[in-house]
Amino acid sequence: MNGLIMSNEGMNELIENVGRYELYDEMEQNPRHYPKYLKAVRVTLVELGFDEHWVNGPFRDALEKRYLDY
């Protein structure tokens with residue numbers, strides 16, 4: 001692993017704060033598509049120096065569990 005990894009507490013706090021009007025609006029407008037907003041959050045974390053495997057693994061799983069039906 002190369003990069004930062006958040007604690008579970010920090011990860012869960014960030015995930016709760018991700019829920020904004022822009023996300024819900026996008027999900028309502030395009031219910032069958034993966035939200036670009038969630039992808040942008042993940043890309044931003046990688047660009048800020050977070051470990052890509054962590055961002056696209058445990059973080060993504062927790063993010064999708066919170067906001068998506070699958």
Side-chain angles (χ1 to χ4, degrees):
M1 289 188 191
N2 297 320
L4 303 169
I5 295 177
M6 288 183 196
S7 67
N8 282 342
E9 182 180 290
M11 176 181 73
N12 290 329
E13 184 177 337
L14 175 61
I15 287 171
E16 285 303 313
N17 290 330
V18 164
R20 299 176 53 97
Y21 170 78
E22 293 84 0
L23 171 60
Y24 297 118
D25 185 50
E26 181 184 2
M27 290 170 61
E28 185 178 305
Q29 297 295 320
N30 300 300
R32 291 189 236 173
H33 293 90
Y34 190 88
K36 291 178 185 176
Y37 186 91
L38 296 183
K39 175 70 174 174
V41 167
R42 294 187 358 254
V43 168
T44 300
L45 287 176
V46 170
E47 290 301 312
L48 288 172
F50 285 87
D51 182 77
E52 188 170 357
H53 295 288
W54 176 80
V55 170
N56 291 313
F59 181 80
R60 181 179 182 165
D61 293 343
L63 187 66
E64 290 176 355
K65 182 177 181 182
R66 170 64 178 89
Y67 293 104
L68 303 177
D69 293 331
Y70 52 89

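Values below: every heavy atom of this structure, side chains too, minus hydrogens, waters and symmetry copies.
The side-chain contact (heavy atoms from CB on, under 4.5 Å) test applied to K39 returns Y34, R42, V43, not counting sequence neighbours. For the side-chain contact (heavy atoms from CB on, under 4.5 Å) test, residues two or more places apart in sequence or in another chain that qualify with R66 are I15, E16, Y24. Every residue meeting the ring pair (Phe, Tyr, Trp, His ring centres under 6.0 Å) condition with F59, not counting sequence neighbours, appears here in chain and number order: W54. The side-chain contact (heavy atoms from CB on, under 4.5 Å) test applied to E13 returns N17, not counting sequence neighbours.
Pairs of residues two or more places apart, or lying in two chains, that qualify as salt bridge (charged side-chain N to carboxylate O under 4.0 Å, His left out) and include a residue from residues 19-33 are R20-E22.
Interatomic distance, CD of E52 versus CD of E47, reported as 9.0 Å (0.5 Å rounding).
Contact between V18 and Y67 at its shortest, heavy atoms only, is C-OH, 3.8 Å.
Under a hydrophobic clustering in which Ile, Leu, Val, Met, Phe, Trp and Tyr are joined whenever their side-chain heavy atoms come within less than 4.5 Å, directly or via other members, Y21 and L63 fall into different clusters.
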Check residues 1-12 and write down every donor-acceptor pair under 3.5 Å in which the side-chain atom is one partner and the other belongs to a residue at least two apart or another chain.
| unit_1 | atom_1 | unit_2 | atom_2 | d |
| --- | --- | --- | --- | --- |
| S7 | OG | G10 | N | 3.0 |
| N12 | ND2 | N8 | O | 3.1 |

Quiz prompt | Candidate pair L14 and L45, rule side chain to side chain contact (heavy atoms under 4.5 Å, CB included), full reasoning | solution = CA-CA 11 Å; L14 175 61; L45 287 176; 4.1 Å; yes
Exercise. Begin from the C-alpha positions of L38 and R60 and carry the test side chain to side chain contact (heavy atoms under 4.5 Å, CB included) through to its verdict.
Key: CA-CA 9 Å; L38 296 183; R60 181 179 182 165; over 6 Å; no
